[in-house]
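Here is how names work: the chains are called A, B, and so on, in the same order as the sequence lines, proteins then strands, and each is numbered from 1.
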Number of protein chains: 2
Amino acid sequence: MSQRITINDVASAAGVSRQTVSRALNDKGEIDGDTKQRVLDAAKELGYRPSRFARGLVRPDTTSIGLVIPDLLNPFFTEVAAAALEAARAKGWHVVVYDTADSVDEELSTLQVIGSQVDAVVGYFNLSETQLDQHTHGIPVVLIGREHHATRFSSIRIEGAQGVRSAVDHLVAAGHRRIGMLDHAHAEPSDKHQWFCDAMNAHGLSPDKVAGAVQSVDGGADALTRLLKAQPDVTAIFTFNDIIAIGALRAARRSGRDLAVIGFDGLQLGTVVDPALTTVALDTRKIGALAVEQAARLMAGDEPLSGEDLVVQAVLLLRESA
Amino acid sequence: MSQRITINDVASAAGVSRQTVSRALNDKGEIDGDTKQRVLDAAKELGYRPSRFARGLVRPDTTSIGLVIPDLLNPFFTEVAAAALEAARAKGWHVVVYDTADSVDEELSTLQVIGSQVDAVVGYFNLSETQLDQHTHGIPVVLIGREHHATRFSSIRIEGAQGVRSAVDHLVAAGHRRIGMLDHAHAEPSDKHQWFCDAMNAHGLSPDKVAGAVQSVDGGADALTRLLKAQPDVTAIFTFNDIIAIGALRAARRSGRDLAVIGFDGLQLGTVVDPALTTVALDTRKIGALAVEQAARLMAGDEPLSGEDLVVQAVLLLRESA
DNA sequence: TTGAAAGCGGTACCAG
DNA sequence: CTGGTACCGCTTTCAA
């Protein structure tokens, strides 16, 4: 633990006062060329590096936000992150990114350390609100895709009922009647499953052909295989997300089966597979931008966005797979 | 610009001294229950949030590094970023991510603001070394995939000659003779192009069937179409990266053409296309981990890694497309 | 249990 | 052109 080298060390090494060192390092005008050079040399010699904390204390004009993501390798979250980064950059903010691996423990330890590092937190959490409240030390929090109650929190709401309804409408219009779904593999059904059921019911169709899928390409392929074994007459499926849909698409093609597939998310990735994936798309740019904007308002104490301004609508994006 | 609420404000609001406030907020023992509650209430009331700078100044035990990436939406960089994040988390570091959109101007403005925010910088730069030196205020810098000269800098070297050689060997062994390449679209040929030429020459084959491609799926498709128009007898191609390869694969399949394709990068993405992409793979985890480790040594003043320890070898990863 | 005082490492504003 | 001094907001002794 080598002792930190401070401006004082440089000052005495160069035989000047700290203010002079400060001037030299910050390219202030009022300083003699020789002196400046001497200081610079001494600084380099000692390996001096100004403390960002001390700097920040004196001129606290930089704000940074923490962006908490369950999995950076999932393209959906990458897109959200990219959008948030861009929105933050426009404000001159810094973004500290944390990947929690979708684990509550990691969320906790992230929060533990986040509090003293950022001015606001934005992102995805599984933690209970009480826990969030406790570990977040009073800084503003913007939750994505999840409800909140405490006033210090805010949420970006994801509204997918209409989009999923359009998807099912589209399948039905194309003549499909036996439509299945590949949901996530968790214990309780997802929002998307609920939306799917509502849409199916509206058509008098029974939404009973459902399998759970691990959230990966292989997971999607497996789940489809299972579903088709149990329900061989299915002609179309809707999936929890695009990753799963791509796996399903692959499994279908390999088994030589003609199957209409509609995913959820609207990833760029969906355009590189063949056929290109039809999907219920979310505007990831909007999600990221909204989250940052809301954080800005919360921090500034401005009137925060609310209600309709804070929801992102999913819309059906027709490509080739259905 | 609402005036910052300090610990003093809370103190006077609660009718105690700042130390007492500090105790209450940090869960120190020596404090009366009532007093503590009163302080906490006052703090909440005022919306008080401790300054992370002041905190850091007193107890500077947190380090953060800046990760500079040209494009977070490119899966290759995402993978590197994820690896770096993980390595940093293992050390208890924070990672501030910057996306420079592959633009020198953005790199500059990023650096401008980075200096007072992080303890080291890691990533991809187009900037000249002099510029890096000037704007980086003496903090350690680890460059990825690029040489350096100044001692304050360090580089992770990407060594692909052997991997590309294996790829070409593989194609030749499969009977291919007319092998083309889709390089990037920049003015000067890439390293990969050089490696390709060397490998071709070693087989006495002429590496003259080359087209430039914009780095996107569509770019790859376009470039392949152009190449095949000019060189209809090509039976196999090697590409600058996986994204381009995927586009080429799609174009080939759509034109009903049987073409062997080998990409570069080793993206996960290559497994979701059909046929799965054969590629010259880079270990992105290693790149990220190495960069962070080297930054750690540079910061600690330890003996930095050097030579062979700092290179990442590309290796041929056989899948289905060749 | 609480408060006063002394820094942490810089920068800004003076005076010299 | 240079140095002294006063903070920035917080935590940590050390008294009271």
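Overall, the helix from C:dT1-D:dA16 to C:dG16-D:dC1 carries an axis bend of 40° between its ends, with five pairs at each end and the value rounded to 10°.
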For residues 296-308 of chain A, which side-chain donor-acceptor pairs fall under 3.5 Å, sequence neighbours excluded?
from, atom 1, to, atom 2, distance (Å)
A:Arg297, NE, A:Glu293, OE2, 2.9
A:Arg297, NH1, A:Glu303, O, 3.2

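At a cut-off of 3.5 Å, with distance as the only test, a side-chain donor of A:Arg89 or B:Thr110 sits close to an acceptor on the other residue. A donor-acceptor contact closer than 3.5 angstrom links the side chains of A:Thr62 and B:Gln117. The closest side-chain donor-acceptor pair between B:Glu79 and B:Thr284 falls under 3.5 angstrom. Of the N and O atoms on the side chains of B:Thr100 and B:Ser103, not one donor lies less than 3.5 Å from an acceptor on the other residue.
Atom P of nucleotide C:dG9 and atom CZ of A:Arg49 are separated by 13 Å, given to the nearest angstrom. Residue B:Ile31 contributes atom CD1, which lies 13 Å from atom P of D:dT11 at whole-angstrom precision. Following rounding to the nearest Å, B:Phe53 (CZ) and C:dT11 (P) show an atom-to-atom distance of 13 Å. Rounded to an integer number of Å, the gap from B:Ile7 CD1 to C:dG3 C1' is 13 Å.
Of the candidates C:dA5, D:dC10, C:dG9, the closest approach to any side-chain atom of B:Leu57 belongs to C:dG9.
Under the 4.0 Å criterion applied to side-chain N and carboxylate O atoms, B:Arg52 and A:Asp119 are assigned as salt-bridge partners.
Between the side chain of A:Gln19 and the base of D:dG4, at least one donor-acceptor pair of N or O atoms lies under 3.5 Å. Between the side chain of B:Arg23 and the base of C:dG3, a donor-acceptor pair under 3.5 Å is found. You'll find a donor-acceptor pair under 3.5 Å spanning the side chain of B:Arg18 and the base of D:dT11, going by distance alone.
Annotation: B:Glu45, atom CD; neighbour count of heavy atoms from other residues, nucleotides and ligands within 6.0 Å does not exceed 12. Atom NZ of A:Lys44 is surrounded by 12 or fewer heavy atoms from other residues, nucleotides or ligands within 6.0 Å.
The shortest distance between the side-chain N/O atoms of B:Ser17 and the OP1/OP2 oxygens of C:dG3 is below 4.0 Å. Side-chain N/O atoms of B:Asn8 include none lying less than 4.0 angstrom from OP1 or OP2 on D:dG9. Here A:Thr20 does not reach the OP1 or OP2 of D:dT2: none of its side-chain N or O atoms lies under 4.0 Å away. Neither OP1 nor OP2 of D:dC10 sits under 4.0 Å from any side-chain N or O of B:Ser51.
No contact: B:Arg52 has no heavy atom under 4.0 Å from any strand.
Using a 4.0 Å cut-off on heavy atoms, the residues of residues 33-48 of chain B that approach DNA chain D are B:Tyr48, listed by number.
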After noting the C-alpha distance and the side-chain angles of B:Gln37 and B:Thr35, does the key distance pass the side-chain contact (heavy atoms from CB on, under 4.5 Å) rule?
CA-CA 5 Å; B:Gln37 194 51 53; B:Thr35 316; over 6 Å; no
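Annotation: of the two residues near DNA chain D, B:Thr6 and A:Gly15, the 5′-most nearest-nucleotide partner is A:Gly15.
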